There are 2 protein chains.
Amino acid sequence: MMCEACDYVKMLQSHGLDPTPLREAVLRSVGQESRPLAAAEIMAAVRSRMSINKVTLYRILGLLVEKGLVKRLSAGDRAFRYGMGETRHHPSHPHFLCTECGVMECLDPELLPVDIKKCRGKGKRVIKHVDVRFEGICERCAKVDTE
Amino acid sequence: MMCEACDYVKMLQSHGLDPTPLREAVLRSVGQESRPLAAAEIMAAVRSRMSINKVTLYRILGLLVEKGLVKRLSAGDRAFRYGMGETRHHPSHPHFLCTECGVMECLDPELLPVDIKKCRGKGKRVIKHVDVRFEGICERCAKVDTE
DNA sequence: ATCTACATGCAACTAAGTTGCAAGCCAGAA
DNA sequence: TTCTGGCTTGCAACTTAGTTGCATGTAGAT
């Protein structure tokens with residue numbers, strides 16, 4: 001979820017994380033995008049401005065996820081996507097995965113059709129959250145296909 | 001989805017697949033379970049009765065998925081789960097993943113809260129299907145935790 | 001000056017799945 | 001019968017995404 005208003009340094013500090021250049025760059029890369037990114041995409045984004053090691057990236061992502069600043073999404077393929085965590089400004093929302101090009105997009109939170117409360121309490125299992133993923137062909141791929 | 005009524009040999013044949021012993025065993029292993037299985041679980045199930053190679057298993061699973069007999073589900077971790085494909089008797093349904101033990105369970109189709117038709121036509125992307133996954137702690141793990 | 005904690009990097013490893021190629025088998029053609 | 005082509009299976013090597021172990025660097029505390 002794009003967010004120019006976010007102060008990444010403050011976000012890191014308020015979660016007890018030293019705002020190192022790499023952490024800030026990783027969080028910024030995720031925050032500036034309008035869609036969740038795969039680790040490889042984040043790495044490319046960070047590397048366009050500074051040097052970062054694969055392991056460091058994964059460790060930073062792990063930290064950010066642990067603190068809730070970033071959310072790790074399963075994409076239906078074997079690579080996770082990383083998007084901004086939920087806040088007032090970024091409410092929980094479903095995602096769309098293009099099965100042709102693998103790009104994941106965020107959908108309107110209004111589209112999230114699940115009343116999680118209705119689902120809790122059925123049986124004794126504890127439901128923590130729901131993950132709704134639509135799959136199909138994205139606009140770009142659909143256009144290319146019909147050309 | 002458990003199904004004692006299914007005739008696995010006929011299912012294979014009606015989809016143009018030679019009903020070899022291994023294919024039948026794989027399909028049966030998936031069909032007899034009440035929850036989607038990871039490839040490693042299917043392999044263990046098949047191997048309890050006959051010998052099968054990893055590659056052969058994945059190839060058979062690939063075939064079954066291609067024919068729609070089996071559905072490949074993303075579990076939120078990096079391993080796919082395989083469950084029976086949708087039919088009249090096995091309608092589309094949401095799943096539950098225990099983040100503690102990794103077991104995936106099938107939920108009541110009634111719980112699938114998405115009206116896929118409402119979502120089509122928004123924008124120009126093509127939506128093929130929805131994947132709804134609840135995450136939390138399963139009954140077994142919840143019980144162990146409170147002991 | 002040294003000690004400790006944390007941040008980062010490099011190399012090696014892991015898990016899940018895939019690819020390439022060879023061997024076995026069976027049906028139909030010659 | 002033998003030969004052929006096509007399918008099914010197996011083995012080894014590879015790939016991708018991510019993880020672990022260990023070494024180095026750097027900053028602040030003692």
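Chain letters run A, B, ... following the sequence lines, proteins first and then strands; every chain starts at 1. Just so it is clear, the structure is predicted and the values come from calculations on it, not from any experiment.
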Could you pull out every donor-acceptor pair under 3.5 Å between side chains of residues 14-27 of chain A and any protein atom, sequence neighbours left out?
from	atom 1	to	atom 2	distance (Å)
A:Ser14	OG	A:Lys10	O	3.2
A:Ser14	OG	A:Met11	O	3.1
A:His15	ND1	A:Met11	O	2.9
A:Thr20	OG1	A:Arg23	N	3.2
A:Arg23	NH1	A:Asp18	O	3.0
A:Glu24	OE2	A:Arg28	NH2	2.5

Worksheet item: Would you say B:Asn53 reaches D:dC11's phosphate, i.e. side-chain N/O to OP1/OP2 under 4.0 Å?
Response: yes

Worksheet item: Hey, can you pull the residues of residues 17-25 of chain A with a non-hydrogen atom under 4.0 angstrom from DNA chain C?
Response: A:Asp18, A:Thr20, A:Leu22, A:Arg23

Worksheet item: Who pairs with B:Glu100 by salt bridge (Lys or Arg N to Asp or Glu O under 4.0 Å), at least two apart in sequence or on another chain?
Response: none

Worksheet item: To the side chain of A:Lys54, which of C:dG9, D:dT19, D:dT16 is closest?
Response: D:dT19

Worksheet item: Who pairs with B:Glu135 by side-chain hydrogen bond (donor to acceptor under 3.5 Å, both in side chains), at least two apart in sequence or on another chain?
Response: A:His129, B:Arg133

Worksheet item: Which is true for B:Ala39 with a 4.0 Å heavy-atom rule: it touches a base, it touches only sugar-phosphate, or it touches nothing?
Response: sugar-phosphate

Worksheet entry | Residues in salt bridge (Lys or Arg N to Asp or Glu O under 4.0 Å) contact with B:Glu86, at least two apart in sequence or another chain | B:Lys71

Worksheet item: Would you call A:Ser34 and A:Cys106 a side-chain contact if the rule is heavy atoms closer than 4.5 Å?
Response: no

Donor-acceptor list for residues 49-57 of chain A side chains, cut-off 3.5 Å, not counting sequence neighbours:
from	atom 1	to	atom 2	distance (Å)
A:Asn53	OD1	A:Val55	N	2.7

Worksheet item: For the side chain of A:Tyr58, counting heavy atoms from C-beta on, which of D:dG10, D:dT9, D:dG18 is nearest?
Response: D:dG18

Name the pairs: protein N/O against N/O of nucleotides 21-24 of chain D, kept only if under 3.5 Å.
none

Practice prompt. Mind checking side chain to side chain contact (heavy atoms under 4.5 Å, CB included) for B:Ala38 and listing every partner two or more places apart, or none if nothing turns up?
Written response: B:Glu41, B:Arg81

